[in-house]
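Step one of this worksheet: look at the structure below.
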2 protein chains.
Amino acid sequence: MRVSLKDVAEYAGVSIKTVSNVVNKYPHITPSTREKVQRAIDTLGYRPNLTARHLRKGRTGIIALAVPELGNPYFAELAGAVIDAAAAHDYTVLLDHTQGSRERELLVTQGFQAQVIDGLILNPLELETEDLAARTDSAPLVLIGERRYDLPHDHVAIDNIAAARAAVRHLLDLGRRRIAFLGARGDRPSQPSHLRLLGWQAELAARGVKADDGLVAPVDGWERADGAAAMAALLDAGERPDAVFAYNDLIAIGAMRVMSERGLRVPEDIAVVGFDDLTEGRYGAVTLTTVAPDKQAIARMAVESITGRLAGKDAGDGAATRQLQAGFTLVERESTRGRRPPG
Amino acid sequence: MRVSLKDVAEYAGVSIKTVSNVVNKYPHITPSTREKVQRAIDTLGYRPNLTARHLRKGRTGIIALAVPELGNPYFAELAGAVIDAAAAHDYTVLLDHTQGSRERELLVTQGFQAQVIDGLILNPLELETEDLAARTDSAPLVLIGERRYDLPHDHVAIDNIAAARAAVRHLLDLGRRRIAFLGARGDRPSQPSHLRLLGWQAELAARGVKADDGLVAPVDGWERADGAAAMAALLDAGERPDAVFAYNDLIAIGAMRVMSERGLRVPEDIAVVGFDDLTEGRYGAVTLTTVAPDKQAIARMAVESITGRLAGKDAGDGAATRQLQAGFTLVERESTRGRRPPG
DNA sequence: ACCCTTGTTTCCAACGTTATACAAGACGGA
DNA sequence: TCCGTCTTGTATAACGTTGGAAACAAGGGT
């Protein structure tokens, strides 16, 4: 049977509250009492019941993280970073994945494990503004990822337009001019909702290169298979780009597989830049040039947004919502630079 | 402010317990009362407070899952499967990673978020039998992964020896004879603790092929970089295997990168078999032949071991501990079969 | 000798829920 | 009519914790 404060109190011959005070490091306790209680705690092996504590205090010490898909290494790596960042604040992470379905995203925002979590970090894909506006749960919510909503919730992301421009600039600097964009939304390929697509357009425009609509390839999802399908479709349509900027590394990797199958060399025939800096991209036959978002910073900012709001709640401080920006770097590898000869 | 049973009770003009009865679908309630209460619940937007419920019932509905590293896609994919399996039983998953450190594994078993979790699924790497034996927390624990402990906890795994033998058999059937094993434990490379290494030995012995110690390459970890280092060390030592069986896909991928850098062709010069069936292995320049453990089955069995023990606890049923075995298949791809010519 | 302060401990109530015991009414059989 | 049984609802007491107020002791100033 579980040992409670009551058991310890009886054993030590003091009141329950005194034991509680010792456990919570209340300052005004005589050393002798403290020692007596501590000994009782140790002998009985007392461990506080967090459920009861949380019922009393109204906090659980648990943050939920909802990402689209753990099978995508970017989200897996991000989840790892969030777990570490949360641990630094004595929080534990409850994880869920939405599989990119609007319905599941909605479910999560509406009150996933209501009452059990102190806050929610969500990376939405399909969610619409009105879905979020209808949210009733009062736990702090922080959004991460590319999509932006005009709503009173903190948002953590990198500057996607600047990052995309840096990627495209790199390709332009290498002399490439027919730069395809792989990963437009399938349902509205021409009217972009992507910041990354906007960045592609902006950089091309700034350099006076025509943005050819035929070089924008839509995808049905964000996996390797979708990248492969998009690349195949592009080539089948007779397009012959000399570079590809992919929405993310998985799409780039799928695309590179198709190039390899069709005898196209990377980077000689087609240079490739991805996005996310997956470890996977460092070990292919051709290593992948990519935009590397600072995942640790994203995780840290998201966690601290939650903890900050929780602290602010106590203080009655209705802090304004913020757009938090994490850094990124462009990592140049073989898919744009070529491989150095062996030896 | 949060609405509680009390508020609903006042609004509906009944007692708190009656509302509770309605919420919990207690059968003996007159339709009129039920409807009245239900209307009150709907108008006030009542949502049960799980913390309080769990304090009362002694169950939280949360299962913890501790894996070594989320950055390893195998564990990420497995975590996804566990989340789904748990959801099927109305459980939520709290996730932690141990980073393969014995200390963190110990911490997790000792009482990670004590009292908040109903059960723990742990994939140990470094933990020793005595660590687990010293565990005091009473929540059910189920172990997954290759390592076996002689302890009263359920264990879920595939038949690693049989799986390894199937992989080696495949290579032997292709006519390979100098089959390296990549991924022995660095601290004791010759005295194997690996079931997979045992399987390699067993199959070679069964076919009368000498198991050359020089072909067993130790690793410091289980990542791509470790596979690359091990392969480089093997080649630098002057060994020239005609096939490689890697402890897992990441090691295989790291090794293949080194082969590619040194101008060795896969599978013509060296055939490669991995283990885990990561999606990543399907999209390299050379797709990877691999042993595919049934992750869904592993996740399901682990979750059901926990839920079963929780149910048994109520019944006072001290069920015997079990060794649960999930299935596997050998997936043949280009790294052993070669690529079909384009077109 | 008395009051006030300061430090230490105890008592009580509450967090929101469910289990247990019980009360009130309805119903059927003798 | 009376009693036992069944149905439906209520009152009360937990679950283990903490916050606040009250109680108690000891010491210092008047």
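No experiment lies behind these values; they were computed from the predicted model shown. Chain letters run A, B, ... following the sequence lines, proteins first, then strands; residues in each count from 1. Keep in mind that the numbers below use all heavy atoms, side chains included, and drop hydrogens, waters and symmetry copies.
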Checklist entry - dG16(C) P sits how many Å from H54(B) NE2, rounded? => result 16 Å
Item to check | Test item: side-chain donor near acceptor, D84(B) and H97(A), under 3.5 Å | outcome: yes
Checklist entry - Judged by atom type as modelled, is there a donor-acceptor pair below 3.5 Å linking the side chain of T98(A) to the main-chain atoms of S101(A)? => result no
Item to check | Over all atoms of both residues, closest heavy-atom pair of R147(B) and L125(B) | outcome: NH1-O, 2.7 Å
Next on the checklist: Whole angstroms only, please: what is the NZ-C1' distance between K57(B) and dG16(D)?
Outcome noted: 18 Å
Item to check | Gap between atoms CZ and C1', on R56(A) and dT17(C) respectively (whole Å) | outcome: 15 Å
Checklist entry - Roughly how many Å is it from CG in L5(A) to P in dG19(D), rounded to a whole number? => result 12 Å
Next on the checklist: Below the 4.0 Å mark, does dT18(D) have OP1 or OP2 next to a side-chain nitrogen or oxygen of S20(A)?
Outcome noted: yes
Give every pair of a protein N or O atom and an N or O atom of nucleotides 5-12 of chain C that lie under 3.5 Å apart, one pair per line with the distance.
from    : atom 1 : to     : atom 2 : distance (Å)
dT9(C)  : OP1    : T30(A) : OG1    : 2.7
dT9(C)  : OP1    : T33(A) : OG1    : 2.2
dT9(C)  : OP2    : T30(A) : N      : 3.2
dT10(C) : OP2    : S15(A) : N      : 3.0
dT10(C) : OP2    : S15(A) : OG     : 3.1
dT10(C) : OP2    : T18(A) : OG1    : 2.2

Next on the checklist: Name the residue from D7(A), V14(A), N24(A) that meets the side chain to side chain contact (heavy atoms under 4.5 Å, CB included) definition with V19(A).
Outcome noted: V14(A)
Next on the checklist: Output the rounded distance in Å from CG (L55(B)) to C1' (dA14(C)).
Outcome noted: 13 Å
Next on the checklist: Out of the candidates I117(A), L310(A), V82(A), only one should pair with Y91(A) under the side chain to side chain contact (heavy atoms under 4.5 Å, CB included) rule; please name it.
Outcome noted: L310(A)
Checklist entry - Among dT17(D), dT18(C), dG16(C), which nucleotide sits nearest the side chain of S4(B)? => result dG16(C)
Next on the checklist: Give me each pair satisfying ring-ring contact (aromatic ring centres under 6.0 Å, His included) with a member in residues 124-151 of chain B, each pair once, sequence neighbours excluded.
Outcome noted: none
Next on the checklist: Can a donor-acceptor pair be found, under 3.5 Å and without considering hydrogens, that links the side chain of D154(A) to the backbone of R322(A)?
Outcome noted: yes
Item to check | Nearest atoms (heavy-atom pairs only) where G145(A) meets A157(A) | outcome: O-CB, 3.5 Å
Next on the checklist: What is the separation between atom CG on D7(A) and atom C1' on dC15(D), rounded to the nearest whole Å?
Outcome noted: 13 Å
Checklist entry - For D276(A) and K295(A), what are the C-alpha separation, side-chain angles and deciding distance, and is it a salt bridge (charged side-chain N to carboxylate O under 4.0 Å, His left out)? => result CA-CA 9 Å; D276(A) 283 350; K295(A) 300 186 192 82; over 6 Å; no
Next on the checklist: Is there a side-chain contact between R53(B) and the phosphate of dT18(C), meaning an N or O under 4.0 Å from OP1 or OP2?
Outcome noted: yes
Item to check | Spacing of K6(B) atom NZ relative to dA11(D) atom P, expressed in whole Å | outcome: 14 Å
Checklist outcome for this item: Taking five pairs at each terminus, the helix from dA1(C)-dT30(D) to dA30(C)-dT1(D) shows an axis bend, to 10°, of 70°
Checklist entry - With respect to the phosphate group of dC15(D), does any side-chain polar atom (N or O) of N49(A) fall under 4.0 Å of OP1 or OP2? => result no
